[in-house]
Amino acid sequence: MTRLNALGSGWLAVAALLSVGTAHAQEADADLIKRGEYLATAGDCTACHTKTGGKYMAGNFKLDTPIGAIKTPNLTPDDETGIGKWSYETFEKAFRHGIGDEGEYLYPAFPFSWYTKVSDDDTKAIFAYLKSLTPVKEKREDNEIPFPFNVRTALITWRTAFFTEGRFEPDPKASAEVNRGGYLVEGLGHCGMCHNERKLVGNSSLAGRFGGGVIDGWYAPNITPDGHQGIGAWSDEEVVSYLKTGTAPGNRPGVAAGPMRQTIEESLSKMTDADLKAMVAYLRTIPAKQTYKEKDLQAFNQPGAPGADTYLTYCSSCHRPDGKGVEGAIPALAGNTSIQSGGPETIINVIVGGLSAQSGYAPMPAIGQEMTDQQIKDVTDYIRNSWGNKAPVVSESGVVATARGKIKTMMAGNAPCSTIENEGLKASIEEATGRDALKGLKPNDFVPVLARVAPKVKAAAPEAGDDAVVNGLLSAFCKANRSDQDAEPLPWPATIGSFGNIAYSQVKNPEKRAEASPGQPPASGATPPKP
């Protein structure tokens, strides 16, 4: 072999080694990014950094806090408006210390008090994932915070009183599962951000740990092992199911709503069962706490109880007079621990705004739009203290009026129609309805039209699932009729609520379709029409 050939062979060998090394490095980077994606999901970053209808992680989600509205920053790697020019050191200082890229103190609405517990390796993985995203040029909008709270230097007082830097320290006496759960609950999950009974935004250390509290107008319930007010009466399987789907087997929790529903959809439902079980195992180790002193309010366990007439008029047709609901379709209220939380905010919000279909349950009409504030207060007290339930009565003046002014939903008729994210489902609905079959549809025609349309949509988009089909039909009906609501024979919340319940029935139980001619009510006991 000549020297030239030997040198050539040597360079080829070096090139081969470099190629292998590059492939291994790329594979390692891919694994790091994938792990970072999971960790960012566990941290529920999407919920706060993606505004409704906006680009993923591009910020400008509006966070309502006691000191004003905060617009969240862009986390995509755009050089001008995002974190494109950030080094890992800059990111780490913001993520775990609450110090921005220009040295400013970050508002504790960003949970750095919890993220400070996240490990170095996990912080690096999250940064790698964010850097891998598609850059989006979206300038951060101005916060809506009045003086003196808009002066960030004043945050030094809060930091001095409440912020303690430090990584999560495993308990040597606890199992690996419990320590994993503690790392998630106390760190990335920042569960105490909502579930602590705290008085100051972002404080993770005051009394009332996991005992429940109000957050953005919703009540985050007690999640300590207390048998009545917390999760003590739930099995581990029930808690895990709730965290993953927003419901649990049996009559235990009802349906998750508000911020918790979003957290489940965008974070908890995408976590592994092992991590969810670990979180539950850790919560079992927290000392049980009662958020309120139980009282046997006998006024609600007798005829003529406050709110009883309202319940019978507006609620009993679905939830039944005994509050037991319909298994698998309508959640029970009797014995429901979610109903018996320390605060009434969540149930009032649901009464006022309704709910879309979720976890196999039918959509709930925004029935409160037809009630007075006093009726909503009374029926809230009634269902929280009937059939063996026990919870504090509504004492805060104006809480119902506040909810009525704040809650904006499609079901209530005071928010835009929802969008259909699944393109296949959207196309199947457009094809089944001919794009205008739902336009001007009146209540008497809901059954015959949905008996024809719903099975077609479900068959054309089986991957979407029943909940998505029902919610897709609701969205399509809204877009076809929302501008004509004043011409309806019934108020809009009642109209779309009725449509939603019939859509649910036809999607879940098509064999029970009733015969009806357009413009006529369905015939009782009629033979189902042929497809």
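What you see is a predicted model; the values in this text were computed from it and never measured. Hydrogens, waters and symmetry mates are skipped; everything else that's a heavy atom, side chains included, is used.
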Taking [X] for its side chain and [Y] for its backbone only, find out whether a donor-acceptor pair lies under 3.5 Å.
| X | Y | value |
| --- | --- | --- |
| E144 | A69 | no |
| T72 | C48 | yes |
| N60 | K71 | no |
| S475 | S418 | yes |
| H97 | T116 | no |
| H195 | P221 | yes |
| K131 | I83 | yes |
| Y56 | T134 | no |
| S341 | A220 | no |
| S113 | F163 | no |

So do [Y] and [X] actually touch side chain to side chain, heavy atoms under 4.5 Å?
| X | Y | answer |
| --- | --- | --- |
| V185 | F168 | no |
| R261 | S356 | yes |
| T41 | T46 | no |
| D78 | V136 | no |
| K124 | Y88 | yes |
| L130 | P77 | no |
| I126 | L188 | yes |
| R96 | R167 | yes |

Between [atom1] of [X] and [atom2] of [Y], what distance do you get to the nearest 0.5 Å?
| X | Y | atom1 | atom2 | answer |
| --- | --- | --- | --- | --- |
| L425 | E463 | CG | CD | 8.0 Å |
| N222 | K289 | CG | NZ | 8.0 Å |
| Y129 | Y38 | OH | OH | 14.0 Å |
| K173 | N179 | NZ | CG | 13.0 Å |
| T224 | R209 | OG1 | CZ | 10.5 Å |
| T402 | N349 | OG1 | CG | 10.0 Å |

- Query: Given I264 and T245, is the side chain to side chain contact (heavy atoms under 4.5 Å, CB included) satisfied, shown in steps?
  - Reply: CA-CA 7 Å; I264 289 171; T245 68; 5.8 Å; no
- Close aromatic pair by centroid cut-off 6.0 Å: W387 and Y382: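 Judged by ring-centre distance (under 6.0 Å), W387 and Y382 do meet the cut-off.
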Heavy-atom closest pair, residues [X] and [Y]:
| X | Y | result |
| --- | --- | --- |
| A403 | I348 | CB-CG2, 3.7 Å |
| P225 | L283 | CG-O, 3.4 Å |
| D466 | K508 | OD2-CD, 3.3 Å |
| Y219 | G211 | OH-O, 4.1 Å |
| G353 | T409 | O-OG1, 2.8 Å |
| N143 | I70 | OD1-CA, 3.4 Å |

- Task: Classify the ring geometry between F95 and F91 as parallel (under 30°), tilted (30 to 60°) or perpendicular (over 60°).
- Result: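 Ring orientation, 0 to 90° scale: parallel.
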- Item | Flag if over 12 foreign heavy atoms under 6.0 Å of NZ, K137 |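 Yes - once you tally the heavy atoms of other residues, nucleotides and ligands closer than 6.0 Å, there are more than 12.
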- Might you confirm whether atom NZ of K408 has over 12 heavy atoms from other residues, nucleotides or ligands at distances under 6.0 Å? yes
- Using the side chain to side chain contact (heavy atoms under 4.5 Å, CB included) rule, take I383 and N389 through it: C-alpha gap first, then chi angles, then the decisive distance, then the call. CA-CA 7 Å; I383 65 177; N389 292 351; 5.5 Å; no
- Message: Quick one about N74 and T76 (side-chain donor to acceptor, distance below 3.5 Å, no hydrogens or angles considered), yes or no?
- Response: yes
- Query: Going through the checks in order, is the side chain to side chain donor-acceptor pair (under 3.5 Å) test met by T90 and D101?
  - Reply: CA-CA 6 Å; T90 302; D101 60 323; over 6 Å; no
- Pick one: which of V178, D275, I223, L243 meets side-chain contact (heavy atoms from CB on, under 4.5 Å) with V280? L243
Less than 4.0 Å between a side-chain N and a carboxylate O, is that true for [Y] and [X]?
| X | Y | value |
| --- | --- | --- |
| E177 | K277 | no |
| K270 | E266 | no |
| K377 | D381 | yes |
| R35 | D121 | no |

- Message: Test side chain to side chain contact (heavy atoms under 4.5 Å, CB included) on K93 and W86; report intermediate values, then the result.
- Response: CA-CA 11 Å; K93 187 178 292 185; W86 284 28; over 6 Å; no
- Query: Quick one: salt bridge (charged side-chain N to carboxylate O under 4.0 Å, His left out) pairs with a partner in residues 344-354, sequence neighbours left out?
  - Reply: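 As it turns out, there is no salt bridge (charged side-chain N to carboxylate O under 4.0 Å, His left out) pair with a partner in residues 344-354 once direct neighbours are skipped.
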- Step-by-step side chain to side chain contact (heavy atoms under 4.5 Å, CB included) determination, R284 to D236: CA-CA 9 Å; R284 296 290 193 202; D236 289 354; 2.8 Å; yes
- For D122 and Y183, what are the C-alpha separation, side-chain angles and deciding distance, and is it a side chain to side chain donor-acceptor pair (under 3.5 Å)? CA-CA 11 Å; D122 284 354; Y183 177 73; 2.6 Å; yes
